Amino acid sequence: MQHAAVSSNHIVDNMSEDAFSPSALGTKEHWDTVYSRELKTFQEYGDEGEIWFGEGSMTRVVRWLNAQKAPLTTSIVDIGTGNGMLLVELAKSGYSNLLGIDYCSDAIALARNICDKEGVSPSVTLQVADFLGSFSPSEQFDIALDKGTFDAVSLDPSGSEEKRKQYLQSLCRSLKPNGIFIITSCNWTKKELLEQFGNGENCVSDAA
């Protein structure tokens, strides 16, 4: 698992050829099924579902942000928020300007229920939106987070290379000129992530 934080000033179009075999993990249909099941499980048993990459990955992101002394009002978007647990941890740490987006409506419903349960809803806005398509924020963000979404995009059977380019374009539209992109990946090495999103070691920090 790799973490990297990249300044938006150094995001470059350097998408390599497809490196992975297509997988159902890259389809909306798969994630609709996953979050429909997890929402039902939460409603019946209160189980919040899987935390992708484990709780440690969330802790590292929050710790890194705190080390940068990011203001608690920093605008943060979580791309592909899933059950929203990363936003919950950020809200509990005092961050109050948080947006989570996901193209699965049941994921957003689950995240909303969890935020209500954890008492952090005033700090978190949740929106059903496709980061590669329908997402059109009225303002750019200080920080964008990705914990596995780019991995899924990279497995899309309908054409992952083009999807990755769309991801990059949307990311550039969403981040402020001096914004920061924090990505967690299990498919890409740190070197590969820097090749695709960063240009220059002076703009990159390791969030691990």
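This one's a predicted model, so the numbers in the text were calculated from it and none came from an experiment.
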Nearest heavy-atom neighbours spanning [X] and [Y]:
X: V62; Y: S93; result: CG1-OG, 3.3 Å
X: G82; Y: A111; result: O-CB, 3.6 Å
X: T27; Y: P157; result: CG2-CD, 3.6 Å
X: K92; Y: V120; result: CG-CG1, 4.1 Å
X: A109; Y: L39; result: CB-CD2, 3.9 Å
X: D32; Y: C104; result: OD1-SG, 3.2 Å

Working to the nearest 0.5 Å, report the span between [atom1] of [X] and [atom2] of [Y].
X: N83; Y: E48; atom1: CG; atom2: CD; value: 7.5 Å
X: H30; Y: L25; atom1: NE2; atom2: CG; value: 4.5 Å
X: S121; Y: L98; atom1: OG; atom2: CG; value: 11.5 Å
X: K28; Y: Y35; atom1: NZ; atom2: OH; value: 12.5 Å
X: Y167; Y: C172; atom1: OH; atom2: SG; value: 11.0 Å
X: K147; Y: D78; atom1: NZ; atom2: CG; value: 7.5 Å

Applying salt bridge (Lys or Arg N to Asp or Glu O under 4.0 Å), name anything that partners [X], two or more places apart in sequence or on another chain.
X: D142; value: K176
X: K40; value: none
X: E89; value: none
X: D130; value: none

Which pairs, with at least one residue in residues 95-115 and sequence neighbours excluded, count as a side chain to side chain donor-acceptor pair (under 3.5 Å)? N66-Y95

Does a side-chain heavy-atom distance below 4.5 Å link [X] with [Y]?
X: I182; Y: I143; result: yes
X: W188; Y: D151; result: yes
X: V88; Y: C115; result: yes
X: T74; Y: L65; result: no
X: D146; Y: L171; result: no
X: L193; Y: S185; result: yes
X: V153; Y: F131; result: no

Applying side-chain contact (heavy atoms from CB on, under 4.5 Å), name anything that partners T125, two or more places apart in sequence or on another chain. L99

For the pair [X] (side chain) and [Y] (backbone), establish whether a donor and an acceptor sit closer than 3.5 Å, ignoring hydrogens and angles.
X: S170; Y: Q166; result: no
X: T149; Y: I79; result: yes
X: Q140; Y: R173; result: yes

Go through the steps for L145 and I76 under the test side chain to side chain contact (heavy atoms under 4.5 Å, CB included), then give the verdict. CA-CA 7 Å; L145 307 175; I76 300 175; 3.7 Å; yes

Taking atom CD of E139 as the centre, report whether more than 12 heavy atoms of other residues, nucleotides or ligands fall under 6.0 Å from it. no

